[in-house]
Amino acid sequence: MKFKKIFCGVLAASMIMGLMGCGSEEATINTSSTPEEVTLSINIWDTYQQPGLQQILDDFTAKTGIKTELSVITWTEYWTILEAGAQGGQLPDVFWMHSNESQRYMENDMLLDITDKIAESTIIDPENYPEDIWGLYTSSDKYYAVPKDIDTIALWYNKTMFDEAGLEYPNADWTWDDMTEAARKLTKPDGSQYGVAIRNDGGQMGYYNMIYSNGGYVISEDKKKSGYDDPKSIEAMQILETWINEGLMPSLSIMAETNVEVLMQSAQIAMTIQGSWMLSSYEESEYALANIDIAELPMSKSTGERVSMFNGLGWAASASGDHTEEAWQLLEYLGSKEAQEKQAELGVTMSAYNGTSDKWATSSSFNLQAYINMMDNMIINPYSRNTFIWDSENNEILKQAYLGEKSMEEVCKEMAAQQNKVLADE
Amino acid sequence: MEKEKSKMSIFIHIILIIVSLTMLIPFCWMILTSFKTVSETMQVDPFVIFPKEWKIDAFITVMKEMNFLILYKNTLLMILFRIICCVITATLAGYAFARLNFKGKNFAFTLVLIQMMVPVQIFLIPQYLMISKMGLLNTTFALVFPGMVSAFGTFLLRQAYMSLPKDLEEAAKIDGCNIGQTFLFIMAPLTRSSMVALGIFTALFAFKDLMWPMIVNSNKDTMVLSSALAKMQGQYVTDYPELMAASLIATIPMIIIYVVFQKQFIQGIATSGGKL
Amino acid sequence: MKSKKMSPQQKNEFMWGWIFILPTLIGLVILNIIPIFQTIYQSFFKTGDFGRGNKFVGLDNYMKVFADEEVWQSLINTFKYAIVEVPVSICIALVLAALLNRKMKGRTIYRTIIFLPMVTAPAAIAMVWRWVLNSKFGLINNIFGVDVQWLSDPKIAVYTLALIGVWSIIGYNMILFLAGLQEIPADYYEAATIDGATGMKSFFYITIPLLSPSIFFVCITRIISALQVFDLIFMVMDKTNPALSKTQSLVYLFYDYSFAQKNLGYGATIVVVLLILTLIITAIQMYAQKKWVFYN
């Protein structure tokens, strides 16, 4: 019995210790930062950019003494956190903004208004960055983010497969029809090799470029109308339909189970269309380095135009943060020519600052010049206030064309109707 | 008769081996893949089952890129504090729900049950807001927070106390113990094994919790294993050997813990009877 | 005797009772109950950006949910999943528990292996199954030389997912059954053997009835979790997967509306519908248990 009592005593004591343990944990955390030193919290979503950006942030800390704490969160969770943070007035000090979401955040005053600061700044001159990227982060003529980078789209192809088929490599004179022709020759009937692959969600990295080069559009300038029912858009989308119907592309099932870049790197497909941000994935593949290269996108036969969609992220700061002054200093530094050049040089991404991207072109053994050349005729990736909603619904509808349930023309009209409805509610 | 018995036992072993193989194949595939090169994993013709060379490169890269010591430490801290909080609160509440009669008991117990019937995702944002308002993002406390109390645990311990004989308390009362003493010195020690069971369940659930640690602790110094893994298969990762190597390194400690505690674990659940 | 005042004994129990449940209750109320009521409240509103400017819409969300084909399809998917996952995992686990309750060689090893999926990170499980079942590079298709789109054929994907669910939950069910079996006295079986009952017979006439409380417990908790299936679908099914609309569960749909589309009111409505459904199913089980669950 005595033993039992001792045991219980020990148990009770350990319970109390446990509770105290919980409490002390909390206490130690609160004392960890002294009031004078400022640490800015920064959120981004791309793991591949982390090492390079960390170097740039270290430079900033060395210069200003302001510390930073960089967190990388996967895309889906990133927006969950940001949404929750915005609701509770607890956004990170500095974070990436994307055109899909920027409108809502700007209109609700979640982002720090940096219009006056830019006007006073000697470092940031809006002239030095593409106007359209500013456009993504401007609301009622106020600036809410500093352009971070720019991305364009180009054609990736498997040199070995082209050699095998006795075809010439894609070149700057190619039209979409030439691409179709090549895809036919590169597709093997036994399903071991396909000519091309573009998924139903591959708008920016795929059919948007075809639509715009053909003179069509996805969303009107005033963001009120869908362009999917425009005859020129439909005509462009019918090229995609040809690829689907003639079996030049793997089935959607295969592409859903295995990402297009994996299919490319595992010698399953001969061509695909990819954004410049995909580079890091290919750099890690030995097969890709030995067999794959990049060319400019084809042009439309009827218009003779070659178009690349483009987009750019912005560095934004929280309007309700405790350190908005320091946050602005960081934004200013990140937008400076020095930091933007470094970003390109380190091969992190192309930079938004005009002319700095040439340094990026030499950061890899792939023909990155193709991406730079695509900058000659760029159109901003279509967006509106609720991009995500109509975009994901369109992708869902487009599946029917991939599965051969409906013709592309029907599908395009359906997408247009759906999108118009969403736009009317905005 | 003996012959038939041994025939039977062979038959049983065959069944068990088949089941075990089904359970193991994905793990074997994980191990095999982690030793392959990237191109071997993506080769179809001929399909590669065994790597040509057993390469440990993936393990080396993963060890370099992910700081497993910190990840283990954070995961362990989260699990440990969740167990402590859960076991204490659930034991207390479980006892009250099973053995005491008081006003409001049924209402309170209904709240416990309802909690189990809602998907946990609805708590994500409200709880995140609380933690961020307290300024405690990226702390161990944030990891522990939603797991401090457990409806499941309360339920489990209630079952355990229900199965104990009534006369134990009567005897204690005659000895002059009040309810608190009776609980602490007589009843609680009798449910030790259920506490162990709850501890292990809590550890399992905490280890498998993915979304919460991912959104509250995104910093590399406070991240836990599950979110580090999920982050690895982020948007455009194609390196299966590395993914599998990381998964293996993340899983092995839990397997060891389970093997060590297996006996107590089953015993713990046994005394709670699993009855409603 | 029927005085309205509490006796000192009752007072005493009242006080201790509340002291004991207070930590749990405070925790539950703050962490869970308040958010649940917020969710119910939200389901009557059209939510504005960042939770501001909510507009009361009465039962509009509910009308929309009931007219929404996508919701019905998800409901069907959820049921399909549960109908395969729960019974199959319970049956297999029962047999395994009965076999592994006997003294035999390698018992610990078998138990450990079967429990293995329970101690594996869900991200790893999803990853390895995606890879094993991949129609091009996967182990299964290449070994058996078949071309089945396990995870992207709309007709079979939901069952594939349910089988992955079975695979990952068998160990958990088995442990609970093993625990229940330890309570059955050995002399029951001895008596049965004397009566000439063979293994099969004693399984059906002794094991199952005596284990019925455990089976019932597992049934209730597993059905609740199966109705809430989310992680598995979220991690295995890609957004572009043509089978997605035939596999997404109610919780998946809720997640999509609340988190991706920021339509909190609509998402909340889906959760409330699920909650009511779960309550009904659980209540029916509670009622039906009298018919088949055998208590000592």
Side-chain angles (χ1 to χ4, degrees), chain B residues 12 16 19-20 23-24 26-27 29-30 42 44 47 89-90 92-93 95-96 100-103 105 108 111-112 114-119 121-123 126-127 146 148-149 151 154 179-180 204 208 210 225-226 229-230 233 240 243 247 250-251 254-255 258-259 262 266 269-270 273-276, chain C residues 12-14 16-18 20-21 23-25 27-28 31-33 35-36 38-39 96 99 104 110-124 127-129 131-132 136-137 139 142 175-176 178-180 182-183 213-214 216-217 220 224 228 230-231 251 254-255 271 275 278-279:
Chain B
I12 289 172
L16 288 171
V19 173
S20 301
M23 298 321 255
L24 279 177
F27 290 98
W29 194 236
M30 224 157 141
M42 289 191 235
V44 183
F47 188 66
T89 56
L92 286 169
Y95 178 72
L100 302 178
N101 269 315
F102 55 95
K103 235 185 179 169
K105 184 173 100 167
L111 291 184
V112 173
I114 287 201
Q115 193 273 339
M116 292 171 70
M117 295 189 192
V118 219
Q121 287 80 15
I122 73 164
F123 306 129
Q127 291 175 352
M148 289 203 299
V149 294
T154 308
I179 293 178
L204 279 179
K208 289 182 161 242
L210 183 70
L225 274 172
S226 61
L229 267 187
Q233 57 168 343
Y240 275 92
L243 281 174
S247 309
T251 304
M254 277 309 275
I255 297 178
Y258 168 68
V259 172
Q262 196 201 29
I266 295 178
I269 308 167
K275 288 186 199 121
L276 267 181
Chain C
N12 197 19
E13 280 198 24
F14 181 81
W16 281 106
W18 276 96
F20 279 8
I21 63 167
T24 302
L25 218 57
L28 277 184
L31 290 168
N32 308 115
I33 304 298
I36 290 175
Q38 281 172 342
T39 305
L96 290 175
L99 294 181
M104 62 185 290
Y110 287 130
R111 283 183 181 182
T112 311
I113 290 175
I114 293 167
F115 200 71
L116 215 50
M118 279 303 290
V119 292
T120 312
M127 243 185 283
V128 75
W129 277 109
W131 200 227
V132 168
K136 252 206 170 337
F137 310 104
L139 180 69
N142 279 293
I175 289 282
L176 284 170
L178 273 176
Q182 302 209 330
E183 292 220 315
S214 294
F216 179 60
F217 178 85
I220 289 244
I224 292 178
Q228 294 178 8
F230 170 76
D231 280 14
V251 178
F254 147 78
Y255 186 87
V271 169
L275 174 63
T278 315
L279 277 172

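Quick note on labels: first sequence line is chain A, next is B, and so on, each numbered from 1. Worth saying up front: this structure is predicted, and the values here are computed from it rather than measured. Computed over heavy atoms, backbone and side chain alike; hydrogens, waters and symmetry mates excluded.
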At a 4.5 Å cut-off on heavy atoms, which part of [X] comes close to chain B: side chain, backbone, both, or neither?
X      : answer
C:I224 : side chain
C:Y255 : side chain
C:T112 : both
C:V271 : side chain
C:I36  : both

Chain C: which of [options] shares the most heavy-atom pairs with it under 4.5 Å?
options                : answer
B:K103, B:M254, B:M30  : B:K103
B:T251, B:L225, B:I179 : B:I179
B:V112, B:V259, B:L92  : B:L92

Name the member of [options] that forms the most heavy-atom pairs with chain B at distances under 4.5 Å.
options                        : answer
C:F115, C:W131, C:F254, C:F230 : C:W131
C:F14, C:W129, C:W18, C:Y110   : C:Y110
C:I114, C:N32, C:T278          : C:N32
C:L99, C:V128, C:L31           : C:L31
C:N12, C:L116, C:V251, C:V132  : C:L116
C:L139, C:I175, C:L279         : C:L139

Check: B:L210 and B:S226 side chains under 4.5 Å, non-hydrogen atoms: yes
Does the [X] side chain pair with the main chain of [Y], one donor and one acceptor, at a distance under 3.5 Å?
X      : Y      : value
C:E13  : B:L100 : no
C:Q228 : B:M117 : yes
C:T24  : B:T89  : yes

Region of [X] that comes under 4.5 Å of a non-hydrogen atom in chain C:
X      : result
B:A108 : both
B:V118 : both
B:T154 : side chain
B:Q127 : side chain
B:I122 : both

